[in-house]
Amino acid sequence: MTTPDTTALVLFSGGQDSTTCLAWALDRFARVETIGFAYGQRHAIELDCRTRLIDGIKTLSPGWAAKLGENHTLEIPTLAAISETALTRDVAIEMGADGLPNTFVPGRNLVFLTFAAALAYRRGIRHIVGGMCETDYSGYPDCRNETIKALEAALNLGMARNFELHTPLMWLSKAATWQLAHNLGGAGLVDLIRDHSHTCYLGERGARHEWGYGCGRCPACELRAKGWHGYVAGT
Ligand code: ZN
């Protein structure tokens, strides 16, 4: 039986982290819905990956297929309109004077989680799952555990609900995230994530590397490659 307490909403962008989070949620909850955001990002390719990943996950496990519910997409172009960053404008990725790469969209995860909570509210869902991580990350302040805890408190006050925000990757290295995918879904899930999830900031899918597709040079590809090599080496 599915109840608000056995249903989860996963922030699912089509990247490595969010796909691993989706498997984590399918392993724990009776019913799982997904939400992705279209906000004018250059790598709208991530959103295209979502369908392939969901189809792949259904093929991997009939049990997971039975648990998968609606895959929602919310259009929030306002985020692009107020952002001057490499993800949403045609500018080169570089480090800013504040030490953050200019791929940073200020407050993006706050906006995503708030929209996710509003949708969860309407659908009677208590658990919200996101791939935020402050172990191997680019220093985005809205990925920090402290930020997520504060937002959880704010959402529960502001919506008079008892949401739980789950961030299963918060303390995992990228290598450990690959290992988690293996533990949850075996080699089949690792292969699916490697071949069909998308992480590259530039939205490149031309070259196939050991760790999947991407430009191989942007900070996201570098993190993904480093994690993959660590995973293969067992570190
Ligand atoms: Zn890249």
Side-chain angles (χ1 to χ4, degrees), residues 1-39 41 46-58 60-61 63-76 78-79 105 107-133 140 142-145 147-170 172 177 180-181 184-185 189 192-193 196-198:
M1 201 182 93
T2 59
T3 68
D5 211 40
T6 59
T7 304
L9 178 65
V10 178
L11 274 72
F12 182 51
S13 67
Q16 176 194 352
D17 291 346
S18 68
T19 310
T20 307
C21 283
L22 177 56
W24 182 89
L26 287 165
D27 192 52
R28 274 161 187 76
F29 296 98
R31 181 179 158 80
V32 177
E33 298 186 12
T34 49
I35 180 171
F37 299 96
Y39 58 102
Q41 68 270 51
E46 270 200 358
L47 295 174
D48 298 336
C49 289
R50 292 198 305 156
T51 313
R52 266 191 299 280
L53 286 162
I54 285 177
D55 289 346
I57 277 178
K58 285 179 176 167
L60 272 182
S61 163
W64 285 358
K67 291 179 175 187
L68 270 168
E70 282 82 346
N71 177 24
H72 310 271
T73 302
L74 289 190
E75 306 269 347
I76 42 174
T78 313
L79 204 57
V105 180
R108 182 173 55 179
N109 284 324
L110 304 180
V111 174
F112 286 176
L113 284 164
T114 302
F115 274 113
L119 184 78
Y121 182 107
R122 295 300 298 268
R123 298 190 63 78
I125 297 173
R126 190 162 94 79
H127 300 278
I128 299 168
V129 183
M132 298 82 191
C133 168
Y140 300 169
D142 59 344
C143 290
R144 291 180 192 146
N145 193 48
T147 305
I148 303 301
K149 291 293 168 213
L151 185 62
E152 180 185 75
L155 291 171
N156 285 329
L157 284 169
M159 297 191 194
R161 279 292 185 272
N162 189 25
F163 293 120
E164 260 192 69
L165 303 190
H166 301 268
T167 53
L169 311 185
M170 184 59 74
L172 300 184
T177 298
L180 175 62
L184 290 165
L189 182 61
L192 180 74
I193 292 174
H196 295 296
S197 75
H198 190 84

When rounded to the nearest 0.5 angstrom, what is the spacing between [atom1] in [X] and [atom2] in [Y]?
| X | Y | atom1 | atom2 | result |
| --- | --- | --- | --- | --- |
| Glu152 | Leu157 | CD | CG | 10.5 Å |
| Leu172 | Thr20 | CG | OG1 | 9.5 Å |
| Ile125 | Phe163 | CD1 | CZ | 9.0 Å |
| Leu119 | Ile35 | CG | CD1 | 4.5 Å |
| Leu165 | Leu9 | CG | CG | 10.5 Å |

For residues [X] and [Y], determine if any side-chain heavy atom of one lies less than 4.5 Å from a side-chain heavy atom of the other.
| X | Y | result |
| --- | --- | --- |
| Ser18 | Leu11 | no |
| Trp24 | Val129 | yes |
| Cys21 | Pro168 | yes |
| Leu180 | Leu169 | yes |
| Ile148 | Met170 | yes |
| Leu184 | Leu26 | no |
| Phe12 | Thr19 | yes |
| Tyr140 | Arg108 | yes |

Test item: [X] side-chain N/O and [Y] main-chain N/O as donor-acceptor pair under 3.5 Å:
| X | Y | value |
| --- | --- | --- |
| Thr167 | Met132 | no |
| His127 | Asp5 | yes |
| Asp27 | Ala23 | no |

Those residues that, when tested against [X], pass side-chain hydrogen bond (donor to acceptor under 3.5 Å, both in side chains) (two or more places apart):
| X | result |
| --- | --- |
| Glu164 | Arg126 |
| Thr114 | none |
| Asn145 | none |
| Thr177 | none |

Work out which heavy atom in [X] is nearest to a heavy atom in [Y]; give both atom names and the distance.
| X | Y | answer |
| --- | --- | --- |
| Gly14 | Cys49 | O-CB, 4.0 Å |
| Ala118 | Met159 | N-CE, 3.8 Å |
| Ala25 | Val10 | CB-CG2, 3.6 Å |
| Leu22 | Val32 | CD1-CG1, 3.7 Å |
| Ala181 | Leu189 | O-CD2, 3.3 Å |
| Asn109 | Cys143 | ND2-SG, 3.5 Å |

Original post:
Can you find a side-chain donor-acceptor pair between Asp142 and Thr147 that sits under 3.5 Å?
Top reply: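 Side-chain D/A pair, Asp142 to Thr147: absent.
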**OP:** On the 0 to 90° scale, with breaks at 30° and 60°, tag the Phe29-His166 ring pair as parallel, tilted or perpendicular.
**Re:**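 Because their plane-to-plane angle is over 60°, the rings of Phe29 and His166 count as perpendicular.
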**OP:** Would you please name every residue forming a salt bridge (charged side-chain N to carboxylate O under 4.0 Å, His left out) with Glu33, sequence neighbours left out?
**Re:**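 Glu33: salt bridge (charged side-chain N to carboxylate O under 4.0 Å, His left out) contacts with Arg31, Arg123.
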Original post:
Sequence neighbours excluded, which residues qualify as salt bridge (charged side-chain N to carboxylate O under 4.0 Å, His left out) partners of Arg28?
Top reply: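 Listed in chain order: nothing, the list is empty.
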